[in-house]
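Reading through the structure tokens given below for one structure.
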Amino acid sequence: MSSNTTHSEHTFKLSIPDADLDLLRTKLALARFPDEIDGAGWDYGVPLADMKRLVAHWRDAFDWRAVEAAVNQLPMFTRDIVIEGFGTLNLHYVHQKSEVKNAIPLLFVHGWPGHFLEVRKLLPLLTAGSADHPSFHVVAVGLPGFGFSEAPKKPGFAGRQYAEVLNTLMLSLGYDEYVYQGGDWGHILGAHVAAQCGHKHLKAWHSNTPLSVKPTLFSEPLAFVRSLLPQGRWTREGLEASAQFARKGCGYLIEQATKPQTVGYSLADSPVGLLAWIYEKLALWTDKYPWTDDEVLEWVSIYWFSRAGPAASVRIYYEMTGGYSKDAMHMLKDAKWTSVPLGLSYFPAELFRLPKSWGHTLGKVVFQSVHEKGGHFSAHEQPDALAGDLWKMFGKGGPAYGAVSGKNGYA
């Protein structure tokens, strides 16, 4: 893929107007809560007690200015990128360079309901110089329509366009070759970047959300034969958990993939509605992670104060699925298999826990790891484990060592 026009980089500092903060507090003060079935717990959704506590804290005690000051410590930038058929999009991103001259350029891509701050705990780990592990120059982009990146204005912004904007960003930063790490949509978009930019620019990629399709006799004969053999406990339990999530956990996905504008009115106008919609996922998609109220509210506030508004972020489901004419598994088929080296990390509380043999339908798997703790947001929940996998994959003796020409990650 050739590079499209990019414009100059500008430093970015977050500064939400006082009027926006006042409006948020007013809306929170006027919140009207629903009733609740006795003893409902989490069976019907987010418990009322949790919501009342979080809303009160958001209204009366949460210090957005302190959050803002902390976020502004990150090296953040914006840049205009021209995408064929969609004009110019202004992207927001973190670009944390290592002091190691030969550090490996790495693009970190989040999903929904994530955002660029998911990378924060990884930054000191991945950019540190050491004789024991490689170091990385880390670029953590806000996907178009998320956080402080501009949203597309036209329909049809899907896999090809996301791959184009991500690759063009890395080229504009001077990284003609780079590696990639992603989860959730970052996983699916990684498959598209590999299909469109693999080998020439993308040299290897890693996913912590190893969604894959069931192998067939013709697509992956060896993996298909393995799938016919008796399954171990890990695989059986994973398939059962995946089926359970498909039955009871995907309502949000169907709504966002079919009628994103409808749910968007609530997300854009009601901070309580937005909080409930996202907090449910933070609580249920992690491996008993001990969220503090401030952590939850910081996470949700990034959506509330986002450049295009929180409704823009859910349109990725509609565009990537064609209005739910195809599911996530079929989106991976669209990206096609590539021989770009691929690493996969399996965390026990991931939403879909599919057999490791299925991962070979994604690409040339050179690294796999299975962890005892962690869920969907592994960069936030288990940053040491995720960084450790990247060190093993790209470090000396690892299967992707030296993937980027002249940049092995060591001093």
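This one's a predicted model, so the numbers in the text were calculated from it and none came from an experiment.
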Would you say that [X] contacts [Y] through its side chain, given a criterion of any heavy-atom pair below 4.5 Å between the two side chains?
X	Y	value
Gln382	Phe347	yes
Met170	Val139	yes
His57	Asp294	yes
Gln181	Leu107	no
Trp58	Arg25	no
Leu344	His206	no
Tyr162	Val109	no
Met76	Tyr93	no

Within [range] or reaching into it, pairs that qualify as salt bridge (Lys or Arg N to Asp or Glu O under 4.0 Å) - sequence neighbours excluded:
range	result
residues 115-124	Arg120-Glu298
residues 238-266	none
residues 141-158	Glu150-Lys153
residues 269-287	Lys27-Asp269

Item to complete: Report yes if the distance between the aromatic ring centroids of Trp291 and His380 is under 6.0 Å, otherwise no.
Response: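 Ring centres of His380 and Trp291 closer than 6.0 Å.
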Discussion item. Please report whether the ring centroid of Trp299 lies less than 6.0 Å from that of Tyr279.
Written reply: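 No, ring centres 6.0 Å or more apart.
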How close do [X] and [Y] get, counting heavy atoms only, and between which atoms?
X	Y	result
Ile81	Thr168	CG2-CG2, 3.5 Å
Tyr317	Asp184	OH-OD2, 4.4 Å
Leu24	Trp304	CD1-NE1, 3.7 Å
Ala246	Phe352	CB-CE2, 4.2 Å
Val165	Pro144	CG1-CG, 4.3 Å
Ser313	Trp112	OG-NE1, 3.4 Å

Determine whether a donor-acceptor pair (N or O, by modelled atom type, separation under 3.5 Å) exists between the side chain of [X] and the backbone of [Y].
X	Y	answer
Glu295	Thr292	yes
Tyr180	Gly186	yes
Trp205	Leu342	no
Ser149	Gly145	no
Gln161	Ala158	yes
Ser378	Glu381	no
Ser306	Phe146	no
Tyr303	Gly114	yes
Ser207	Gly183	no
Ser212	Leu362	no

Discussion item. Is it the case that atom NZ in Lys288 sees more than 12 heavy atoms from other parts of the structure closer than 6.0 Å?
Written reply: no
Item to complete: May I ask you to check whether over 12 heavy atoms, not counting those of Phe33, lie within 6.0 Å of atom CZ?
Response: yes
With sequence neighbours excluded, tell me which residues meet side chain to side chain contact (heavy atoms under 4.5 Å, CB included) with [X].
X	value
Ala308	Ala151, Ala312
Ser270	Val272
Phe148	Phe12, Leu14, His92, Phe116, Ile302
Ser369	Ser345, Phe367, His371, Asp389

Roughly how far, to the nearest 0.5 Å, is [atom2] of [Y] from [atom1] of [X]?
X	Y	atom1	atom2	answer
Leu28	Leu23	CG	CG	9.5 Å
Asp384	Leu122	CG	CG	9.0 Å
Thr338	Gln196	OG1	CD	11.5 Å

Practice prompt. Please assess Asp176 against Lys203 for the test salt bridge (Lys or Arg N to Asp or Glu O under 4.0 Å), listing each intermediate value before the final yes or no.
Written response: CA-CA 10 Å; Asp176 190 60; Lys203 294 300 184 176; over 6 Å; no
Worksheet item: Can you check ring pair (Phe, Tyr, Trp, His ring centres under 6.0 Å) on Tyr175 and His95, steps first, answer last?
Response: CA-CA 12 Å; Tyr175 299 132; His95 186 190; 5.5 Å; yes
Worksheet item: What do the steps show when you test Trp64 against Glu68 for side chain to side chain donor-acceptor pair (under 3.5 Å), and what is the final call?
Response: CA-CA 6 Å; Trp64 168 256; Glu68 200 173 64; 3.0 Å; yes
Item to complete: Carefully, step by step, assess His187 and Thr209 under the rule side chain to side chain donor-acceptor pair (under 3.5 Å).
Response: CA-CA 6 Å; His187 164 74; Thr209 311; over 6 Å; no
Worksheet item: So which pairs with a foot in residues 123-145 pass side chain to side chain donor-acceptor pair (under 3.5 Å), sequence neighbours left out?
Response: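 Non-adjacent pairs meeting side chain to side chain donor-acceptor pair (under 3.5 Å): Ser98-Ser135, His133-Trp391.
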Worksheet entry | Plane angle bin for Trp285 and Phe377 - parallel if under 30°, tilted between 30 and 60°, otherwise perpendicular | parallel
Worksheet item: Who pairs with Asp63 by salt bridge (charged side-chain N to carboxylate O under 4.0 Å, His left out), at least two apart in sequence or on another chain?
Response: none
Practice prompt. For Tyr318 and Gln256, run side chain to side chain donor-acceptor pair (under 3.5 Å): C-alpha distance rounded to whole Å, both residues' side-chain angles, the deciding distance at 0.1 Å, then the answer.
Written response: CA-CA 6 Å; Tyr318 186 95; Gln256 293 180 174; over 6 Å; no
Worksheet item: Can Arg79 and Leu173 be said to form a side chain to side chain contact (heavy atoms under 4.5 Å, CB included), step by step?
Response: CA-CA 10 Å; Arg79 180 185 293 268; Leu173 294 173; 3.6 Å; yes
Enumerate, atom names and distances included, each donor-acceptor pair closer than 3.5 Å involving a side-chain atom of residues 393-411, sequence neighbours excluded.
| residue | atom | partner | partner atom | Å |
| --- | --- | --- | --- | --- |
| Tyr401 | OH | Asn408 | ND2 | 3.1 |
| Ser405 | OG | Glu177 | OE1 | 3.1 |
| Ser405 | OG | Glu177 | OE2 | 3.4 |
| Asn408 | OD1 | Tyr410 | N | 2.9 |
| Tyr410 | OH | Lys396 | N | 3.0 |

Fill in: With Tyr178 via ring-ring contact (aromatic ring centres under 6.0 Å, His included) - residues at least two apart
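For Tyr178 there are no ring-ring contact (aromatic ring centres under 6.0 Å, His included) partners, ignoring immediate neighbours.
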